[in-house]
Colleague: 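Have a look at the structure that comes next, please.
First listed ligand is number 1; within each ligand, the first listed atom is number 1.
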Amino acid sequence: MHTFIADNLSLVRTQIEAACRAAGRPPHSVSLLAVSKTWGPEAVRAAHAAGQTAFGENYIQEAVDKIGALKDLPLEWHCIGPIQSNKTRLVAEHFDWVHSIDRLKIAQRLSEQRPEHLPPLQVCIQVNVDGGETKSGVSPADLPGLAQAVAALPRLQLRGLMTIPEPAETETQMRAVHRQAKDLFEQLRGQGLPLDTLSMGMSADMGAAIAEGSTMVRVGTAIFGKR
Ligand SMILES: *Cc1c(COP(=O)(O)O)cnc(C)c1O
C-alpha cells in the first residue's frame with residue numbers, strides 16, 4: 001500500500017505541475033488536497049510519509065474518528081462534504097478548513113461553535129455553477145450576499161469558492177464551467193473580498209480546472225485507488 005500511494009502521489013504532483021506549465025502558471029500555484037474519505041488511518045499515514053499534509057473528508061463522523069487516530073501527525077483537515085446543523089459543532093471543533101458552506105445558518109453555527117483556542121476556521125463557499133444535480137451549493141445569484149455575510153463572521157475566515165461541477169462530455173464544456181467559477185471568484189475579489197482559494201478540479205477534471213485558474217485540486221481516486 002505504501003509504495004502504491006507514494007507512487008500515485010508523485011504522479012499526481014507531476015500532472016499538476018505539467019498542467020500549471022501548460023497554462024503558463026507557476027508550478028506551485030496549485031495545492032493538492034488528498035481526499036481520504038472511506039480510507040482508514042493507515043492510508044493517510046502512508047500519504048503523509050510521502051509528503052502530503054492536507055486531507056479532505058466528506059463524512060463527519062468518519063472523519064472525526066480518523067482525525068483522533070492521527071493526532072500524532074501534523075495534518076491539516078478539510079471538510080468537503082455536506083454539513084447538517086446537528087454536525088456543525090463536530091466540524092468546528094475538529095477541522096481546519098470547510099469547503100462546503102452553502103447557507104448562512106451553517107456558517108453562523110460554525111462561527112459560534114469554533115473553540116477560542118483554535119485559529120479561525122478557514123472556509124470556502126460552495127457554488128453551484130452549472131445548476132447540476134448535486135443540488136448543493138449556493139446559486140451564482142445568491143453568492144455575493146452570502147459571501148459578504150460569511151466574511152463578516154468573527155470566527156470564520158472566508159478564503160474562496162468551491163465547486164463540484166457535473167462531468168461534461170468534452171474538455172471545452174468542462175473548461176467553460178470552470179471559467180464561470182473563476183469569473184465569480186474574480187467578481188467577489190473585485191468587491192473587495194480578499195479571497196485566495198479556488199477549490200476546483202478532481203481526479204477526472206484536474207487539467208481543465210488548472211487551466212481555468214484553480215488554486216486547489218481535490219484528488220481521491222488517483223491517489224488512494226478506487227473506492
Ligand atoms: C470524493 C470527492 C473528491 C475526490 O474525487 P475523486 O474523483 O476520487 O478524485 C473531491 N471533491 C469532493 C467534494 C468529493 O466528494
Colleague: At what distance is the nearest protein heavy atom to atom 11 (N) of ligand 1, and which residue and atom is it?
Modeller: Arg218 NE, 2.9 Å
Colleague: Considering Thr221, Asp205, Leu33, Val35 one by one, which has a heavy atom nearer to atom 6 (P) of ligand 1 than any of the others?
Modeller: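 The option holding the nearest heavy atom is Thr221.
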Colleague: Please identify which atoms of ligand 1 are closer than 4.0 Å to at least one heavy atom of Gly220.
Modeller: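 It comes down to these atoms of ligand 1: 4 (C), 6 (P), 8 (O), 9 (O).
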Colleague: What do you reckon, does Met202 have a nitrogen or oxygen under 3.5 Å from a nitrogen or oxygen of ligand 1?
Modeller: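 Min N/O separation from ligand 1 is not below 3.5 Å for Met202.
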Colleague: Any non-hydrogen atom of Arg227 lying under 4.0 Å from ligand 1?
Modeller: yes
Colleague: Can a salt bridge be assigned to the pair Glu212 and Lys182 using a cut-off of 4.0 Å between side-chain N and carboxylate O?
Modeller: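 No, no charged N to carboxylate O under 4.0 Å.
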Colleague: Examine Phe95 together with Trp77 and report whether their ring centres are nearer than 6.0 Å.
Modeller: no
Colleague: Classify the side-chain pair Gln61/Asp65 by whether it contains a donor and acceptor separated by less than 3.5 Å.
Modeller: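 Looking only at side-chain atoms, Asp65 and Gln61 do form a donor-acceptor pair, the distance falling under 3.5 Å.
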Colleague: Quick test: of every protein heavy atom, which one is nearest to atom 14 (C) of ligand 1, and how far off is it to 0.1 Å?
Modeller: Lys37 NZ, 3.0 Å
Colleague: Where do Asp142 and Arg103 land on the salt bridge (Lys or Arg N to Asp or Glu O under 4.0 Å) test, with the steps shown first?
Modeller: CA-CA 10 Å; Asp142 292 336; Arg103 23 194 188 122; over 6 Å; no
Colleague: Output yes when a side-chain donor or acceptor of Thr163 lies under 3.5 Å from a complementary backbone atom of Met200, and no otherwise.
Modeller: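 Side chain of Thr163 to backbone of Met200, a donor-acceptor pair under 3.5 Å: no, none is there.
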Colleague: Salt-bridge test for Glu112 and Arg109: reply yes if a basic N is under 4.0 Å from a carboxylate O, no otherwise.
Modeller: no
Colleague: Heavy atoms only, cut-off 4.0 Å: how does Asn58 contact ligand 1, side chain, backbone, both, or neither?
Modeller: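 Answer for Asn58: side chain.
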Colleague: Between Val217, Ile223, Ile164, which one has a non-hydrogen atom sitting closest to atom 13 (C) of ligand 1?
Modeller: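 Comparing heavy atoms across Val217, Ile223, Ile164, the nearest one to atom 13 (C) of ligand 1 lies in Ile164.
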Colleague: Check ligand 1 against Val219 and write out every atom of the ligand that is under 4.0 Å from a heavy-atom position of the residue.
Modeller: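 Listed by number with element, the hits are 9 (O).
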Colleague: Identify, for atom 9 (O) of ligand 1, the protein heavy atom at the shortest distance, and state residue, atom and that distance.
Modeller: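 Answer for atom 9 (O) of ligand 1: Ser203 OG, 2.5 Å.
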Colleague: Taking Gln173 for its side chain and Glu169 for its backbone only, find out whether a donor-acceptor pair lies under 3.5 Å.
Modeller: yes
Colleague: Is the backbone N or O of Ser36 less than 3.5 Å from a side-chain atom of Lys66, with the two atoms forming a donor-acceptor pair by type?
Modeller: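 Looks like yes, one N/O pair under 3.5 Å.
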Colleague: Which protein heavy atom lies closest to atom 12 (C) of ligand 1, and at what distance to 0.1 Å?
Modeller: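 Protein heavy atom at minimum distance: Ile80 CD1, 3.5 Å.
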